[in-house]
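Please read these numbers as outputs of a predicted model, since none were measured by experiment. So you know, we letter chains A, B, ... as the sequences are listed, proteins then strands, and number each from 1.
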Amino acid sequence: MLDIQLLRSDLEGVAARLATRGFVLDTARFHELEVRRKAIQMRTQELQSRRNSASKLIGQAKAKGEDTTAIMAEVALVGDELKTTEVQLVELQAELQIMLEGLPNMPHESVPVGASEADNQELRRVGSAPVFDFAVKDHVELGEGLGGLDFETAAKISGARFSVLKGGLARLHRALAQFMLDTHTDQHGYTEVYVPYLVNAASMRGTGQLPKFEEDLFRVPRQMGEGGEQNFYLIPTAEVPVTNMVRDEIVPLEQLPLKFVAHTPCFRSEAGSAGRDTRGMIRQHQFEKVELVQMVHPDESPAALEQLLGHAEMILQKLGLHYRVVRLCSGDIGFSSAITYDIEVWLPAQDTYREISSCSSFEAFQARRMQARFRNSAGKPELLHTLNGSGLAVGRTLVAVLENYQQTDGSIVIPEVLRPYMGGLEKLAR
RNA sequence: GGAGAGGUGGCAGAGUGGUCGAAUGUACCUGACUCGAAAUCAGGCGUAGCGUUAUACGCUACCGAGGGUUCGAAUCCCUCCCUCUCCGCCA
């Protein structure tokens, strides 16, 4: 959520910056709502003030046993008008809130202006693509050849966009997640957390999935007591439960930065992706991810983003996978993000780079929605900055390992760093 | 699932329908004392919104959430959520 003060003081400036990401801010409507809000709020507060002082007088008069009928008649009139203005004020503020919650974050100054993916900037390539002297297979062919990847059974159990892993492949998948967690906790200073996979609407609102992107989520309805209805949502990323740990909290300054890592399943409806990436494990309704989350002092967030990106890259380096880092342009960054770097891993069978991690700084955008604060050196509560990034998407990393470490006979050499997690096994073969 | 007890400032914890944004303690800040500190004493110290650009002033709202009664609600009524204790069931 953007700071409403900023919209009031520099509406055109905000509109211009949002325009770089292709968002049209209805400045006329905002202005009109604000004018009405201001008038009605002032009137309401004036009436409340009169009612309060009158009520106080009534109390004093009654204590002395005096007659109060005159003053009570007067305050009744105030009450009548108050009833209408209070309702109007609540409605106006709700309208403003809805509008405000629908506004995306402003891209950071460093973000290149662009319309789409095509305008993203490649920052660097790290490592080199493996060279094969035979026709490469994709991960589906490799996985099925090993008898460890089964989409038909997954389709029977659930439907499209699910997978079943078996045997060595299932273990390799687990090994990847363990390796990532251990690296981030032992070497990068993150605290591992285990969190709920079902969250409430307030949490989804806090990180920005709601109210705008409900169609991307799996909703789990539940009936509470009489008439009380509260949905759960399956998390689309660990970012949601982990970041919301600090919702409505005031973190002591000396505890910053907070650095958490969580390994969770992620659930996405992929409502807008019909027909995209239908083959293989690239785009699933359910996948595993190791997620890095940081809550930091505002002054520290640019440096923290660079570090977090480095932590994610380290996993690929240790696995010996070739990748590139891309700086997303203003037209391609996510709704809540101020800056985003994508890490794209080399997939030889597709002869291209595919996103395997997305590292973002949200600045105070999520913190403002969540009222996630810290106590600054002056002792006053101030909004935190939040960041997160995949470190990494486990399913896609499995795909990358299969395709990059494949041998002529369809077997897979296991990267050295994973072997301790595989009981010392060096190769996956049928 | 059954029975009971609770939810109030950073934390702990009082609170009679009116003078309660809320006692008290603690934490924190300032000052006095001290070479300095501790202890002690005095004062200050919630969040948000509006007027208003403002660490100053005024007003408003906020005592789990929402609704109701009332001139007036932390306090009374209703609904919901959450926490704790005991019993039952369960991994």
Partner nucleotide of [N] by Watson-Crick or wobble geometry (both distances under 3.5 Å):
{"N": "rG21(B)", "value": "none"}
{"N": "rG72(B)", "value": "none"}
{"N": "rG6(B)", "value": "rC82(B)"}
{"N": "rU52(B)", "value": "none"}
{"N": "rU34(B)", "value": "none"}
{"N": "rC89(B)", "value": "none"}
{"N": "rA61(B)", "value": "rU47(B)"}
{"N": "rA14(B)", "value": "none"}

Rounding to the closest angstrom, what is the interatomic distance between [N] and [M] at atom [atom1]?
{"N": "rG17(B)", "M": "rA73(B)", "atom1": "P", "value": "14 Å"}
{"N": "rA74(B)", "M": "rA14(B)", "atom1": "C1'", "value": "12 Å"}
{"N": "rG9(B)", "M": "rU75(B)", "atom1": "P", "value": "15 Å"}
{"N": "rA22(B)", "M": "rA27(B)", "atom1": "P", "value": "22 Å"}
{"N": "rG64(B)", "M": "rC82(B)", "atom1": "C1'", "value": "7 Å"}
{"N": "rG58(B)", "M": "rG6(B)", "atom1": "P", "value": "39 Å"}
{"N": "rU69(B)", "M": "rA42(B)", "atom1": "C1'", "value": "46 Å"}
{"N": "rU8(B)", "M": "rG25(B)", "atom1": "C1'", "value": "15 Å"}

is_close_aromatic(Phe365(A), Phe335(A)), centroid dist under 6.0 Å: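 Yes, they do, as the ring centres are separated by less than 6.0 Å.
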Hey, do the aromatic rings of His297(A) and Phe374(A) have their centres closer than 6.0 Å?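 Ring-ring flag for His297(A)/Phe374(A): true, centres closer than 6.0 Å.
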Measure [atom1]/[X] against [atom2]/[N] and give the value in whole Å, please.
{"X": "Leu47(A)", "N": "rC71(B)", "atom1": "CG", "atom2": "P", "answer": "17 Å"}
{"X": "Glu86(A)", "N": "rC59(B)", "atom1": "CD", "atom2": "C1'", "answer": "15 Å"}
{"X": "Lys56(A)", "N": "rU70(B)", "atom1": "NZ", "atom2": "C1'", "answer": "17 Å"}
{"X": "Gln88(A)", "N": "rU60(B)", "atom1": "CD", "atom2": "C1'", "answer": "17 Å"}
{"X": "Arg37(A)", "N": "rA61(B)", "atom1": "CZ", "atom2": "C1'", "answer": "14 Å"}
{"X": "Leu253(A)", "N": "rA27(B)", "atom1": "CG", "atom2": "C1'", "answer": "16 Å"}
{"X": "Ile58(A)", "N": "rG17(B)", "atom1": "CD1", "atom2": "P", "answer": "19 Å"}
{"X": "Leu89(A)", "N": "rC62(B)", "atom1": "CG", "atom2": "P", "answer": "13 Å"}

With a 4.0 Å cutoff (strictly under), does any side-chain N or O of [X] reach OP1 or OP2 of [N]?
{"X": "Asn52(A)", "N": "rU60(B)", "value": "yes"}
{"X": "Arg43(A)", "N": "rC59(B)", "value": "no"}
{"X": "Asn200(A)", "N": "rC81(B)", "value": "no"}
{"X": "Ser55(A)", "N": "rG18(B)", "value": "no"}

Students often get this wrong, so: under 4.0 angstrom with heavy atoms, is Lys62(A) touching a base, only sugar-phosphate, or nothing? base
What is the nucleic acid contact for Arg50(A), judged by heavy atoms within less than 4.0 Å: base, sugar-phosphate only, or nothing? nothing
Closest to the [X] side chain: [options]?
{"X": "Pro381(A)", "options": "rC59(B), rC82(B), rU47(B)", "value": "rU47(B)"}
{"X": "Arg375(A)", "options": "rG10(B), rG51(B), rC59(B)", "value": "rG10(B)"}
{"X": "Ser49(A)", "options": "rG49(B), rC59(B), rU47(B)", "value": "rC59(B)"}

Look at the side chain of Gln45(A) and the base of rG49(B), then say whether one donor and one acceptor between them are separated by less than 3.5 Å. yes
When you look at CD of Glu74(A), are more than 12 heavy atoms from neighbouring residues, nucleotides or ligands closer to it than 6.0 Å?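 It does not: Glu74(A) CD has 12 such atoms or fewer within range.
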Please determine whether the number of non-hydrogen atoms from other residues, nucleotides or ligands lying under 6.0 Å from atom CD of Glu306(A) exceeds 12. yes
Option among Val240(A), Ile235(A), Thr243(A) that satisfies the side chain to side chain contact (heavy atoms under 4.5 Å, CB included) test with Ser203(A):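 Among Val240(A), Ile235(A), Thr243(A), the one that satisfies the side chain to side chain contact (heavy atoms under 4.5 Å, CB included) with Ser203(A) is Val240(A).
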So, does Ser158(A) use its side chain to make a donor-acceptor pair with the main chain of Ala155(A) at under 3.5 Å? no
Quick one: on RNA chain B, does Arg51(A) or Gln93(A) contact a more 5' nucleotide (nearest heavy atom)?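 Nearest nucleotide further toward 5': that of Gln93(A).
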Taking the nucleotide of RNA chain B with the nearest heavy atom to each, does Gln5(A) or Ser53(A) sit closer to the 5' end?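 That would be Gln5(A).
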Hey, mind stepping through Tyr233(A) and Glu214(A) against side-chain contact (heavy atoms from CB on, under 4.5 Å) and telling me if it holds? CA-CA 9 Å; Tyr233(A) 294 87; Glu214(A) 179 154 24; 2.8 Å; yes
Lys NZ or Arg CZ of Arg222(A) over Phe232(A) ring: under 6.0 Å, within 45°: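 Yes - Arg222(A) lies over the ring of Phe232(A), closer than 6.0 Å to its centre and within 45° of its axis.
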